[in-house]
Participant: 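Sharing a structure here in structure tokens format.
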Amino acid sequence: MKNHYMLTTPIYYVNGLPHIGHAYTSIAADVMARFKRLDGYDVFFLTGTDEHGQKVEQAAQNKGQTPELFVNKISNQFRNMADQLKISYNDFIRTTEDRHKKSCQALWKKIADAGYIYLDAYKGWYSLRDECYYSEDELTTISDGRKIAPTGAEVKWLKEPSYFFKLSVWQDKLLEFYELHPDFIGPESRKNELLSFVRSGLRDLSISRTSFKWGIPVPGDSDHVMYVWFDALVNYISALGYPNIDSSNLWRFWPTDLHLVGKEIARFHALYWPAFLMAAGLEVPKRIYSHGWWTVEGEKMSKSVGNVIDPIELVNEFGLDPVRFFLLREVPFGGDGDYSRQALINRMNNELANDLGNLAQRTLTQIARNCEGILPDIGQRFEEDIELIAKVELLPIILREQMDRQALNESLEDIWKVIRASNAYIDHQAPWKLKKTDFERMKVVLRTLVDVLREIATCLQAFMPDSMDKLLTQLGVDQNKRHFSDLEDKIQAGQKLPSPSPIFPRFIETD
RNA sequence: GGCGGCGUAGCUCAGCGGUAGAGCAGGGGAAUCAUAAUCCCUUGGUCGGUGGUUCAAAUCCUCCCGUCGCUACCA
């Protein structure tokens, strides 16, 4: 019986096209999902698209399309992006699917039956032009006493019937829950913000709208559609078949081990979502982790500046694995990062081509030329061989702990420490000299390096699946011997290795 | 305004009570198996400022300066 692991990306809102931020979240989640699978877990990795709400309705209208047509198109683009980035999702859920609607309505009923939903009126400053509410402090009062939104539109005090969720009664329960589960939200800085927000007092939450139609109808009151956040959050359990909570089914994955989110939506996941679930008597996620944002060449990414990075274009120019690597290597996960073309090229050339790619290439060509491509026996290892092997064998253990903290960049740093040590090792052992003085010793050194590379490549599969597949094949590792648990079985000596070819090309600017 | 984070080598950051660290960039050397990749050595910092606690402070506390985030319905 395998251990379960469930993780999710947010479902992406379809009012715009996918950009590097979406790619980042998905790639990070993918690395974690792949890592857990390599480590023997039964993984359920969920992603998808969020397709309701006024903004989508509007965006479709602006294009003269029906919402259905519009969301189909954009949702497909997100799915294509996921596929091109080789995101290994187990399910791609769309909030316009029937299974999701049923699930949402079931959860709503459950919470309503428990007494946590009531009908009242949403009051606030509403802008007809912007079709949304503004809070008092966002407004400016002009000379004749009228109030103006930041967009310049006039606002009016408006009352709209709305269902409310009794969030206020969950304040203490939530605080207690955070206390009991200190690792519930990461990173720490995000947790502080959240706690101070909750301590400052929670008001009830408006969870339905009557001003537009593009949403899931509230059960028993077809004048209302559910507020997008209620709708969206429920995707995580509708994909598991809620309200069917039979644990012999997909429901066995609940509660999820991780919701990976961007920092702008941490509150919805760490506060509203647990409250909804508690109100419905369901278990709460084990952990919410919020990562940072990317700037581009030092500037905030925005459509108006025109510096939005299309992940697919990046992949087309540099290749998938270098892009995946760069995004996770460049920045401490959880903090903000800056994308720059030069930084990507530096990482790609220095760390992938020079450090790792070249290490593999120099090792394998020596075996090809000096040993007729036959993988040598492990032989009699010296202390320096054993030391290097010991370092590399620690990696899976170190990585496991880091993955559970979502410290992906630390993992890559630790792997690269071993790669640097391996380059030092090959230089100090100088197998090209041993070739003339001690042929047997040369074979031991080269074989040691193959074993080290095999361990490194096994670990790196989660980050760079294609390249590491190629490397493991060159190292003579069977397709079905690539999990962490297979590392105890040494590669079969005496086999003929395929002729080596570079795994990571250097990138040369052509202009 | 309130709450919180951060400010350490040219750049990106680690260290968070006991003689200042890594990677990149810069300088010198070695080697030539390799994608001219690699290895070794090296230049460089009064750890934002101030006052304090301590035998001892980047490391704890005060105040100040700078910067960033959160402060409810904006995926």
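All heavy atoms count here, side chains included; hydrogens, waters and symmetry mates do not.
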Participant: Of all the nucleotides listed (B:rA31, B:rA72, B:rA37), which has the minimum atom distance to the side chain of A:Asn358?
Facilitator: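 Closest nucleotide to the A:Asn358 side chain: B:rA37.
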Participant: Using the side-chain heavy atoms of A:Lys433, tell me which of these nucleotides is nearest: B:rG4, B:rU32, B:rC70.
Facilitator: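 The closest nucleotide is B:rU32.
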Participant: Taking the minimum atom-to-atom distance to the side chain of A:Tyr13, which one of B:rU35, B:rA75, B:rC40 wins?
Facilitator: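 The answer is B:rA75.
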Participant: Could you check whether the side chain of A:Asn354 and the base of B:rA37 have a donor-acceptor pair of N or O atoms closer than 3.5 Å, going by distance alone?
Facilitator: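 Absent.
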Participant: Whole-Å distance between B:rA72 P and A:Phe165 CZ?
Facilitator: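 One finds 19 Å between P of B:rA72 and CZ of A:Phe165, rounded.
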Participant: Cut-off 3.5 Å, no hydrogens considered: what does the side-chain donor-acceptor table look like for residues 496-504 of chain A, sequence neighbours left out?
Facilitator:
unit_1, atom_1, unit_2, atom_2, d
A:Lys496, NZ, A:Glu372, O, 3.1

Participant: Rounded to whole Å, please give me the gap between NE2 in A:His428 and P in B:rC39.
Facilitator: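 To the nearest whole Å, that distance equals 9 Å.
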Participant: Return the set of residues passing side-chain contact (heavy atoms from CB on, under 4.5 Å) with A:Thr295 (not counting sequence neighbours), or none when no residue passes.
Facilitator: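 Here the qualifying residues are A:Asp338.
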Participant: Return no unless some side-chain N or O of A:Trp229 is found under 4.0 Å from OP1 or OP2 of B:rA75.
Facilitator: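 Answer yes for this pair, as a side-chain N or O of A:Trp229 is under 4.0 Å from OP1 or OP2.
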Participant: Can you tell me the distance, in whole Å, between the CG atom of A:Leu194 and the P atom of B:rG5?
Facilitator: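 Value for this atom pair: 15 Å.
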Participant: With heavy atoms under 4.0 Å as the rule, sort A:Lys55 into base, sugar-phosphate or nothing.
Facilitator: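 Counting heavy atoms under 4.0 Å across all strands, the contact made by A:Lys55 is with sugar-phosphate only.
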Participant: Roughly how far, to the nearest 0.5 Å, is the CD1 atom of A:Ile237 from the OG1 atom of A:Thr256?
Facilitator: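 CD1 of A:Ile237 is found 11.5 Å from OG1 of A:Thr256.
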Participant: Hey, where does RNA chain B pair up into stems, meaning at least three consecutive Watson-Crick or G-U pairs with distances under 3.5 Å?
Facilitator: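 Only these stems qualify: B:1-7 with B:65-71, B:10-13 with B:21-24, B:26-30 with B:38-42.
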Participant: When you measure from the side chain of A:Leu167, which nucleotide among B:rC39, B:rA72, B:rA34 comes out closest?
Facilitator: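 For the A:Leu167 side chain, the nearest candidate turns out to be B:rA72.
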Participant: Side chains of A:Phe165 and A:Phe230, heavy atoms from C-beta outward: is any pair under 4.5 Å?
Facilitator: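 Sidechains of A:Phe230 and A:Phe165: no contact.
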Participant: Indicate whether OP1 or OP2 belonging to B:rU12 is found under 4.0 Å from a side-chain N or O atom of A:Arg329.
Facilitator: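 Negative; the distance criterion is not met.
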Participant: Please classify the nucleic acid contact of A:Pro431 as base, sugar-phosphate, or nothing, using heavy-atom distances under 4.0 Å.
Facilitator: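 If one applies the 4.0 Å heavy-atom cut-off, A:Pro431 turns out to touch nothing in the nucleic acid.
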Participant: Go through B:rA34, B:rU38, B:rC3 for me and flag the one nearest to the A:Ser196 side chain.
Facilitator: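 Nearest to the side-chain atoms of A:Ser196, counting from C-beta on, is B:rC3.
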Participant: By the 4.0 Å heavy-atom rule, please label A:Val331 as base, sugar-phosphate, or nothing.
Facilitator: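 Since no nucleic acid heavy atom lies under 4.0 Å of A:Val331, the category is nothing.
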Participant: What is the separation between atom CH2 on A:Trp432 and atom P on B:rA37, rounded to the nearest whole Å?
Facilitator: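 So the two atoms are 16 Å apart, to the nearest Å.
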Participant: Separation of A:Glu193 atom CD from B:rG69 atom C1', in whole Å?
Facilitator: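 Computing the A:Glu193:CD to B:rG69:C1' distance gives 5 Å.
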Participant: Counting side-chain heavy atoms from C-beta on, which of B:rC40, B:rG69, B:rC33 comes nearest to A:Arg190?
Facilitator: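 Of the candidates, B:rG69 comes closest.
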Participant: Which of these nucleotides, B:rC74, B:rA72, B:rA75, is closest to any side-chain atom of A:Arg203?
Facilitator: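 When the side chain of A:Arg203 is considered, B:rA72 is the closest of B:rC74, B:rA72, B:rA75.
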Participant: Say you pick atom P in B:rG5 and the same atom in B:rU59; how far apart are they, in whole Å?
Facilitator: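 Pairwise P distance, B:rG5 against B:rU59, rounds to 15 Å.
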Participant: Atom CZ of A:Phe197 to atom P of B:rU71: distance rounded to whole Å?
Facilitator: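 Value for this atom pair: 7 Å.
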Participant: Under 4.0 Å between a side-chain N/O of A:Asn370 and OP1 or OP2 of B:rC33, yes or no?
Facilitator: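 No, A:Asn370 has no side-chain N/O under 4.0 Å of OP1/OP2 on B:rC33.
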Participant: Strictly under 3.5 Å: I want the nitrogen or oxygen pairs between protein and nucleotides 24-30 of chain B, one per line.
Facilitator:
none

Participant: A:Asp91: what forms a side-chain contact (heavy atoms from CB on, under 4.5 Å) with it, not counting sequence neighbours?
Facilitator: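 Only A:Phe44, A:Leu46, A:Arg99, A:Ala239 meet the side-chain contact (heavy atoms from CB on, under 4.5 Å) criterion with A:Asp91.
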Participant: Among residues 360-367 of chain A, which contact RNA chain B at a heavy-atom distance under 4.0 Å?
Facilitator: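 The stretch gives A:Gln361, A:Arg362, A:Thr365, A:Gln366 as the residues lying under 4.0 Å from the strand, ordered by number.
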Participant: Roughly how many Å apart are B:rA36 and B:rA30, using the C1' atom of each and rounding to a whole number?
Facilitator: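 After rounding to an integer number of Å, I get 15 Å for this pair.
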Participant: Quickly work out the A:Leu359 CG to B:rA36 P distance and round it to whole Å.
Facilitator: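 The distance from CG of A:Leu359 to P of B:rA36 comes to 15 Å, rounded to the nearest Å.
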Participant: Before you tell me yes or no, could you show the steps for A:Phe382 and A:Arg441 under side-chain contact (heavy atoms from CB on, under 4.5 Å), namely the whole-Å CA-CA distance, both residues' side-chain angles and the distance that decides it to 0.1 Å?
Facilitator: CA-CA 9 Å; A:Phe382 288 6; A:Arg441 174 66 193 150; 3.5 Å; yes
Participant: Taking CG from A:Leu449 and C1' from B:rA34, how many angstroms apart are they, rounded to a whole number?
Facilitator: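 For the pair A:Leu449 CG and B:rA34 C1', the rounded distance is 12 Å.
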